[in-house]
Amino acid sequence: MIKTNGKTVLYIVTAEEREALKTLLPEHQDIGVCADVSALSQMSESSLSNLVDSTNTMIARHQALRYRAIAELNLRRRRSEEVPAFLAAALNVGHDRARRLVAEADALVNRLPKTLGLLERGLLDDSKAATVCKSTADLSDDDARSVDTALEDRLPNKADDNKVRRAANYEADKADPGRHARRAAQRSDARKVTVTQHLVTRSTSLFIRNCEPAKIAAAYERIDQGARRLKTADETRSMDELRADVALELLLAKRKRRSNSRRHFAASRGDDTRRVKKQRGADRRSSDPGQPAQCDSAIAAPTSAVPQPRTGEQPVQHSHGGG
């Protein structure tokens, strides 16, 4: 927005950019023409509709021009990490977004020239072009160009990104039928748990990604059964809310501690000494005829507790009496 002679004027581009764009886009010489905002209220509806359509076309052409400029800059910088860093600072976007812009620019210029041509003619916007780039990212250059050719006549009629994605995936599957198997193998090697925080709603989501379908189905069945048991006539929560609560309860439930009867501890040297002393006392009592017979059953069991010699070792000799 620039004020000139007390009037607010809206410029599509600056004067310097307009002169540069005239040489790049000679077929559209009126790109930098300014529009008086106050004149919009006096325009007819048909004129406003034409203005919206022409503005959309100009935006698409500028987006195509920006893609070409990014690809050329990336080529001159030898595809270094300086280009995403520069774009992030220049466009005030995150580094991941800047890296995606560089990848999309390289794909459109080198692998998808017909899609870029549609963008330059105003028949496509950058969002749909980025969708085609994503759907063909795992294809070879030749397969990507064949998909690009097949989509040239179909993309201008697509109203939203989902339709563009379905069309691009269909052509990509025809060009490379084995790409789904490769993707499945890559996803199975990338099992992970991710946490996403939603700043607007102040909530958090937990995702378990790329697991075996059978295990996920079994886990969901268990969660669903627990939620259905809780769904009574007085329950106000929906089934989705109950499933979420049951899933969290299952994850946060404390594991029952097992009985200590099976817990084994490594025997120390002191334990061995105590076993030997008990065995000596048992041997002395067994040799004493004055001991009652009820001790016989008590001393029979501990013999299994005496450590047996390993193969190649001599048995432990126990001396009777003070030796």
Side-chain angles (χ1 to χ4, degrees), residues 59-88 91 93-192 194 207-213 216:
I59 290 174
R61 288 174 174 173
H62 282 81
Q63 289 169 345
L65 184 61
R66 184 179 68 174
Y67 275 133
R68 289 191 179 276
I70 292 174
E72 180 65 24
L73 180 62
N74 192 39
L75 180 62
R76 294 186 183 184
R77 295 291 180 91
R78 298 180 180 179
R79 293 177 170 81
S80 66
E81 286 296 323
E82 297 177 0
V83 179
F86 165 75
L87 290 178
L91 303 178
V93 296
H95 191 71
D96 292 339
R97 171 59 179 159
R99 294 186 67 176
R100 286 197 300 270
L101 282 174
V102 174
E104 292 166 4
D106 282 342
L108 289 170
V109 171
N110 300 315
R111 290 158 49 96
L112 306 168
K114 296 187 182 298
T115 302
L116 183 59
L118 294 175
L119 188 62
E120 289 175 334
R121 288 151 53 191
L123 302 176
L124 208 67
D125 60 12
D126 64 338
S127 178
K128 296 182 178 66
T131 301
V132 178
C133 293
K134 185 176 180 179
S135 298
T136 58
D138 57 345
L139 299 178
S140 63
D141 291 346
D142 293 337
D143 290 339
R145 293 188 184 97
S146 65
V147 172
D148 185 41
T149 303
L151 292 175
E152 184 179 12
D153 297 331
R154 300 177 59 185
L155 290 181
N157 300 323
K158 303 301 179 183
D160 53 41
D161 293 351
N162 291 329
K163 294 182 178 180
V164 172
R165 184 179 298 106
R166 286 196 294 267
N169 288 335
Y170 175 76
E171 296 296 338
D173 293 341
K174 289 174 57 178
D176 186 6
R179 74 187 193 114
H180 284 296
R182 293 196 302 270
R183 281 186 172 183
Q186 293 174 358
R187 284 195 296 266
S188 64
D189 294 338
R191 293 189 302 274
K192 59 183 177 180
T194 58
F207 300 93
I208 304 176
R209 301 182 182 275
N210 304 326
C211 296
E212 296 180 13
I216 293 296

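Residue numbers count from 1 along this sequence. FYI, side chains are in, hydrogens and waters are out, and symmetry mates aren't considered; it's all heavy atoms of this structure. What you are looking at is a predicted structure, and each value in this text was computed from that prediction instead of being measured.
A salt bridge is absent between D160 and K163; no separation between the charged side-chain nitrogens and carboxylate oxygens falls under 4.0 Å. A salt bridge is defined here as a Lys NZ or Arg NE, NH1 or NH2 lying under 4.0 Å from an Asp or Glu carboxylate O, and R68 with E120 meets this definition. A salt bridge does not link R99 to D96: none of the charged nitrogens lies less than 4.0 Å from a carboxylate oxygen.
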Verdict with reasoning, T136 to L139, per side chain to side chain contact (heavy atoms under 4.5 Å, CB included): CA-CA 5 Å; T136 58; L139 299 178; 4.0 Å; yes
Residue pair R182, D176: steps toward the salt bridge (charged side-chain N to carboxylate O under 4.0 Å, His left out) verdict: CA-CA 11 Å; R182 293 196 302 270; D176 186 6; 2.5 Å; yes
CA sep, side-chain torsions, deciding dist, call: R145, K114, side chain to side chain contact (heavy atoms under 4.5 Å, CB included): CA-CA 9 Å; R145 293 188 184 97; K114 296 187 182 298; over 6 Å; no
Verdict with reasoning, K174 to N169, per side chain to side chain contact (heavy atoms under 4.5 Å, CB included): CA-CA 9 Å; K174 289 174 57 178; N169 288 335; over 6 Å; no
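Separation of atoms CG (N74) and CG (N110) is listed at 9.5 Å; rounding is to 0.5 Å. One finds the NZ atom of K128 at 10.5 Å from the CG atom of N162 (value rounded to the nearest 0.5 Å). Note: D106 CG to L75 CG = 8.0 Å, rounded to the nearest 0.5 Å. Of the inter-residue distances, the one linking I216 atom CD1 with R209 atom CZ reads 11.5 Å to the nearest 0.5 angstrom. Expressed to the nearest 0.5 Å, how far SG of C133 lies from CZ of R111 amounts to 8.5 Å. One finds the CZ atom of R77 at 7.5 Å from the CZ atom of F86 (value rounded to the nearest 0.5 Å).
For the pair Q63 (side chain) and D126 (backbone), a donor-acceptor distance under 3.5 Å is present.
Results of the side chain to side chain contact (heavy atoms under 4.5 Å, CB included) test with L151 over V147, D148, D153 single out V147 as the only residue that passes.
Under the 4.5 Å side-chain criterion, counting only non-hydrogen atoms from C-beta, D125 is not in contact with I59. Within the 4.5 Å cutoff, side-chain heavy atoms of H95 are placed close to those of E81. Counting heavy atoms from C-beta outward, E152 and T115 have side chains that stay 4.5 Å or more apart.
Closest approach of A150 to R154, counting heavy atoms only: O-CD, 3.8 Å. The shortest non-hydrogen separation linking L116 to V109 is CD2-CG2, 4.0 Å. The two residues R191 and C211 make their nearest non-hydrogen contact at CD-CA, 4.1 Å. Of all heavy-atom pairs spanning L112 and A144, the tightest one is CD2-O, 3.6 Å. Between V93 and R97, the shortest heavy-atom distance links the atoms CB-CG, 3.9 Å. Nearest heavy-atom pair across A98 and P84 is CB-O, 3.2 Å.
Within a 6.0 Å radius of NZ in K134, no more than 12 heavy atoms belonging to other residues, nucleotides or ligands are found.
Checked by atom type, the side-chain pair S135/R165 shows no donor-acceptor distance below 3.5 Å. For the residue pair S140 and D143, a side-chain donor N or O sits within less than 3.5 Å of a side-chain acceptor on the partner.
Residues satisfying the salt bridge (charged side-chain N to carboxylate O under 4.0 Å, His left out) criterion with D161, sequence neighbours excluded, are absent altogether. In this view, R76 and E72 satisfy the salt bridge (charged side-chain N to carboxylate O under 4.0 Å, His left out) rule, not counting sequence neighbours.
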